[in-house]
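A quick note: this is a predicted structure, and the numbers were derived from the prediction, not measured. Proteins come first, then strands; the chains are lettered A, B, ... in the order of their sequence lines, and each starts at number 1.
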Protein chains: 2
Amino acid sequence: MASKGEKNRQRIIQAANELFYHKGFNQTAFSEVAEASGIPKGNFYYYFKSKDELLDAVIAMRLEGIRDMLHEWRAEYAEPRERLKRYARILLNETRDVVRYGCPMGSLNVELGKTQLALQSRASEMFTLFHDWLVEQFVALGYRQDAAPLALHLLAMSQGAALIGNVYQDQPFISSEVERIIDWIDSL
Amino acid sequence: MASKGEKNRQRIIQAANELFYHKGFNQTAFSEVAEASGIPKGNFYYYFKSKDELLDAVIAMRLEGIRDMLHEWRAEYAEPRERLKRYARILLNETRDVVRYGCPMGSLNVELGKTQLALQSRASEMFTLFHDWLVEQFVALGYRQDAAPLALHLLAMSQGAALIGNVYQDQPFISSEVERIIDWIDSL
DNA sequence: GTCTATACGGAGATAGAC
DNA sequence: GTCTATCTCCGTATAGAC
């Protein structure tokens with residue numbers, strides 16, 4: 001039952017999610033989230049105890065989205081190799097945003113990793129969802145003790161592509177890196 | 001001639017350099033730089049017109065450091081392939097810091113890329129110094145139109161390794177990624 | 001050139017009316 | 001539950017004494 005309060009809560013989370021991505025967590029003020037969501041900033045403390053807790057709710061929403069996506073990928077692709085390639089193409093989904101704002105997971109973790117380790121640890125759960133799903137696919141391909149390192153390596157390649165693509169605002173570069181990654185998957 | 005004023009200027013830059021790396025640019029307050037450098041924050045505006053200009057000076061110092069390092073690498077290694085491998089090992093220099101604070105270049109660019117594009121563009125010059133030096137080596141290896149893409153790819157692999165190593169505070173992972181990169185260079 | 005004191009704005013967070 | 005008004009702190013930046 002989506003109560004009125006729950007609806008407002010969701011609107012705040014949605015607005016914060018986009019602003020945290022575009023501007024960064026620490027550089028986003030409540031006043032901006034208030035303007036974007038249409039809810040006065042004074043009300044935020046009825047829904048969240050603090051800004052940190054708002055971020056926690058944003059991450060929780062992202063985690064749900066990732067879980068759903070991975071679930072769909074499982075349904076859509078039966079072969080582990082095809083699943084790995086689907087992951088590799090993730091950067092092509094929103095290349096414009098990646099080039100402009102970086103990877104939503106990567107940039108948030110980088111920011112929080114400086115001085116907000118508790119929140120960073122929470123944000124790293126997004127990576128872990130992908131990681132565990134990738135491990136599953138590598139295991140299905142016959143890799144055992146190498147599955148986890150391979151998954152981390154795949155995460156790293158995607159993040160490297162996103163970061164350099166962002167630094168140089170270079171969309172074609174991201175596409176070519178995705179090609180490279182897919183070739184690598186085929187070579188396994 | 002290092003005048004007294006110039007010495008103070010350098011001390012501010014040194015302190016800011018470390019704090020910008022450890023805490024991020026926007027999360028570092030003048031009061032902290034003041035405490036670390038022993039120079040009252042009120043004095044900063046005698047040496048720099050703004051915080052942005054202080055960052056500019058920090059980046060200028062880092063650029064000089066990179067130039068010097070690349071120069072030394074040229075002297076130390078004659079073969080282009082050995083030079084590429086030396087670059088690949090750069091993450092091993094300060095792995096503890098990379099794991100704790102991320103890559104000094106990458107994390108700064110990610111932060112500035114959100115809402116401070118002019119400063120990000122300046123910060124990207126650090127990457128460009130490495131990029132151009134790497135292109136030089138790939139050309140010497142016989143690559144022509146592929147030299148630039150290969151250089152970008154190498155930058156991306158390093159950044160991906162640094163980012164994931166930072167996210168999971170995983171030092172061994174960075175070492176294993178460096179191994180992978182070196183194998184890739186050998187395969188060229 | 002170097003210092004202290006302070007202006008000014010905006011941040012997160014709170015109080016209390018309705 | 002929802003709103004407005006406001007508190008307190010701390011950021012960058014400035015003024016002006018020495």
Considering only [options], which nucleotide approaches the side chain of [X] most closely?
X: B:A29; options: D:dG11, C:dG1, C:dT14; result: D:dG11
X: B:K41; options: D:dT12, D:dC3, C:dG1; result: D:dT12
X: A:P40; options: C:dC3, D:dC3, C:dT2; result: D:dC3
X: B:S31; options: D:dG11, D:dT2, C:dG1; result: D:dG11

Under 4.0 Å from OP1 or OP2 of [N]: is there any side-chain N or O of [X] that close?
X: A:N8; N: D:dG1; answer: no
X: B:Y45; N: D:dT14; answer: no
X: B:N43; N: C:dT2; answer: no

Is the closest side-chain donor-acceptor distance between A:N166 and B:Q120 under 3.5 Å? no

Side chain to side chain contact (heavy atoms under 4.5 Å, CB included) between A:R83 and A:Q137: does it pass, once the steps are laid out? CA-CA 7 Å; A:R83 290 176 178 176; A:Q137 314 314 321; 3.0 Å; yes

For B:E76, is there an ion pair with B:R86 - N to carboxylate O distance below 4.0 angstrom? no

Contact class for B:F30 (heavy atom, under 4.0 Å): base, sugar-phosphate, or nothing?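 Sugar-phosphate contact only.
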
Considering every strand and a 4.0 Å limit on heavy-atom distances, what is the contact class for A:Y47: base, sugar-phosphate, or nothing?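 Contact class for A:Y47: sugar-phosphate only.
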
Could you tell me whether A:K49 sits above the aromatic face of A:F44, with NZ or CZ closer than 6.0 angstrom to the six-membered ring centre and within 45 degrees of the axis? no

Within 45° of the ring axis of A:Y77 and under 6.0 Å from its six-membered ring centre, is that where the NZ or CZ of A:K85 lies? no

To the nearest angstrom, how far is [X] atom [atom1] from [N] atom [atom2]?
X: B:R11; N: C:dG1; atom1: CZ; atom2: P; result: 16 Å
X: A:N26; N: D:dG11; atom1: CG; atom2: P; result: 13 Å
X: A:I12; N: D:dC3; atom1: CD1; atom2: C1'; result: 13 Å
X: A:Y46; N: C:dA17; atom1: OH; atom2: P; result: 19 Å
X: A:F48; N: C:dT14; atom1: CZ; atom2: P; result: 15 Å
X: A:E6; N: D:dT2; atom1: CD; atom2: P; result: 11 Å
X: A:E32; N: C:dG12; atom1: CD; atom2: C1'; result: 13 Å
X: A:F44; N: C:dG12; atom1: CZ; atom2: P; result: 10 Å

